[in-house]
Amino acid sequence: VQIQGNSPETLELHWQPIPGAERYDLEWTYADSYDSLSTALTASQVIYNFKHNATRIQTTSHHYSLPKVFDQGYIVVRVRAIGYNPNNLS
């Protein structure tokens with residue numbers, strides 16, 4: 001997923017279309033950029049959990065505008081293609 005543009009109100013998320021995809025699950029979660037001692041964390045140190053603290057939408061597009069409504073921190077994003085493959089019914 002790539003972020004394009006520099007809007008003060010939204011993050012413009014874009015991903016490559018996947019052949020055969022009928023739609024996409026786009027999921028994101030917010031992760032605080034500070035630990036319990038108020039020490040700033042780098043992106044590789046951030047702890048996040050999609051299971052209990054995430055938002056998911058389905059879209060037929062390969063881009064999405066995510067409103068910037070978060071405190072200082074990180075937005076972790078993942079995309080999954082959804083499609084039907086008639087050659088693999090098992």
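In what follows, residues are counted from 1 in the order of the sequence shown.
- Side-chain N or O atoms of Y74 include none that pairs as donor or acceptor with a backbone N or O of A31 at under 3.5 Å.
- Atom CD of Q4 has more than 12 heavy atoms from other residues, nucleotides or ligands within 6.0 Å.
- Of the possible donor and acceptor atoms, one in the side chain of S7 sits under 3.5 Å from a partner among the backbone N and O of E9.
- I75 has its side chain within reach of L66: a pair of non-hydrogen atoms, C-beta onward, lies under 4.5 Å apart.
- Taking every heavy atom of both residues into account, K68 and T10 meet most closely at CE-O, 3.3 Å.
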**Stepwise side chain to side chain contact (heavy atoms under 4.5 Å, CB included) test for I3 and L13** = CA-CA 5 Å; I3 298 174; L13 306 175; 3.8 Å; yes
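- If you chain together hydrophobic residues whose side chains sit under 4.5 Å apart, V46 and F70 never meet in one group.
- Interatomic distance, E12 CD to H63 NE2, rounded to the nearest 0.5 Å: 9.0 Å.
- Every residue meeting the ring-ring contact (aromatic ring centres under 6.0 Å, His included) condition with Y64, not counting sequence neighbours, appears here in chain and number order: W28.
- Across all their heavy atoms, P67 and S65 have their closest contact at CD-O, 3.6 Å.
- Note: the hydrophobic cluster containing F50 does not contain W15 (ILVMFWY, side chain heavy atoms under 4.5 Å, direct or indirect links).
- In this structure, R80 is not positioned above the aromatic face of Y24 in the sense of NZ or CZ being under 6.0 Å from the six-membered ring centre and within 45° of the axis.
- Within the structure, the side-chain hydrogen bond (donor to acceptor under 3.5 Å, both in side chains) test picks out the following pairs touching residues 45-54 (sequence neighbours left out): T42-Q45.
- A salt bridge is defined here as a Lys NZ or Arg NE, NH1 or NH2 lying under 4.0 Å from an Asp or Glu carboxylate O, and R78 with E27 meets this definition.
- Cluster membership check: L26 shares its hydrophobic cluster with Y30, using side-chain heavy-atom separations under 4.5 Å among Ile, Leu, Val, Met, Phe, Trp and Tyr.
- A heavy-atom distance below 4.5 Å is found between the side chains of D25 and I82.
- Connection of V76 to L11 is not established within any shared hydrophobic cluster, with ILVMFWY side chains joined at heavy-atom distances below 4.5 Å, either directly or through further cluster members.
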